[in-house]
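The structure appears right after this line, and notes come after that.
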Amino acid sequence: MELADKAVGFLLTTISLSIFSYYTFWVLILPFVDSDHFIHMYFLSREYAIIIPLFAGITLLCFLSMFIGYVMLKSKKKSA
Amino acid sequence: MKHILKILGLLVTISAIWIGLLQASIVSSSYAWLLPVYLIILLGCYGLFMVGVGLMFFPTCPQESHLLQKDIAEAKDFLKRKGIDVNSD
């Protein structure tokens, strides 16, 4: 069904645009804002800007290697 | 082999630019440290965006699909008449 595909595509685009704008704002623009502005309440402290992507990347790597290992084990069991 | 060399060359140039930025202090030091992470996230976002846009604007051709179904039915009929069974079970 094309509508489901279009909905998934739209969801992916919005997710990517929101992550891009949030991260750009967080890393590039926020250091120039005065430290008692209200906008700082909506963003975590800047160390998290490194910890969260690093954690996500490591989780992704773990998931990928687990998936590859699982597929390899399953194919070996089937051929044995 | 050439492809790996190209990719390695690109990586070396990018790291040289980054170390140059760190040393020359054109931008403040905290920005220069965060730049590689930002570039990687930017790359991931760009890939996701292209996938989403491709999904949204993928052209389906209903007429071609209809013609294709007719062709398949015709071929199945022809082969069945010649004695070969091509049922997709």
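Heavy-atom basis, side chains included; hydrogens, waters and symmetry copies ignored. Worth saying up front: this structure is predicted, and the values here are computed from it rather than measured. Just so we're on the same page: letters track the sequence lines, and every chain starts at 1.
The stretch residues 36-46 of chain B places B:V37, B:Y38, B:I41, B:L42, B:C45 near chain A, each with some heavy atom under 4.5 Å from a heavy atom of that chain. For a heavy-atom cut-off of 4.5 Å, chain B lies close to A:L12, A:T13, A:I15, A:S16, A:L17, A:I19 in residues 12-19 of chain A.
Other cluster members for B:F58: none, since no ILVMFWY side-chain heavy atom sits under 4.5 Å from it.
Residues B:L67 and B:I72 are members of separate hydrophobic clusters, defined by side-chain heavy-atom contacts under 4.5 angstrom among Ile, Leu, Val, Met, Phe, Trp and Tyr. No continuous path of hydrophobic side-chain contacts links A:L60 to B:L48 [ILVMFWY only; heavy atoms under 4.5 Å]. Both A:Y23 and A:I52 sit in one connected hydrophobic cluster of ILVMFWY residues. Membership requires side-chain heavy atoms under 4.5 Å apart, directly or through other members. Hydrophobic clustering of Ile, Leu, Val, Met, Phe, Trp and Tyr side chains at less than 4.5 Å, counting indirect connections, unites B:V53 with A:F10. Put simply, A:I50 and A:F20 are part of the same group of oily side chains (I, L, V, M, F, W, Y) that touch within less than 4.5 Å, one to the next.
Here A:L28 is the residue among A:L28, A:L54, A:L11 with the most heavy-atom pairs under 4.5 Å with chain B.
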With a 3.5 Å cut-off and sequence neighbours excluded, list the donor-acceptor pairs that the side chains of residues 61-80 of chain A form with protein atoms.
from: A:S65; atom 1: OG; to: A:L61; atom 2: O; distance (Å): 2.8
from: A:S65; atom 1: OG; to: A:C62; atom 2: O; distance (Å): 3.0
from: A:S75; atom 1: OG; to: A:M72; atom 2: O; distance (Å): 3.0
from: A:S79; atom 1: OG; to: A:K76; atom 2: O; distance (Å): 3.3

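Across all their heavy atoms, A:K6 and B:M56 have their closest contact at NZ-O, 3.1 Å.
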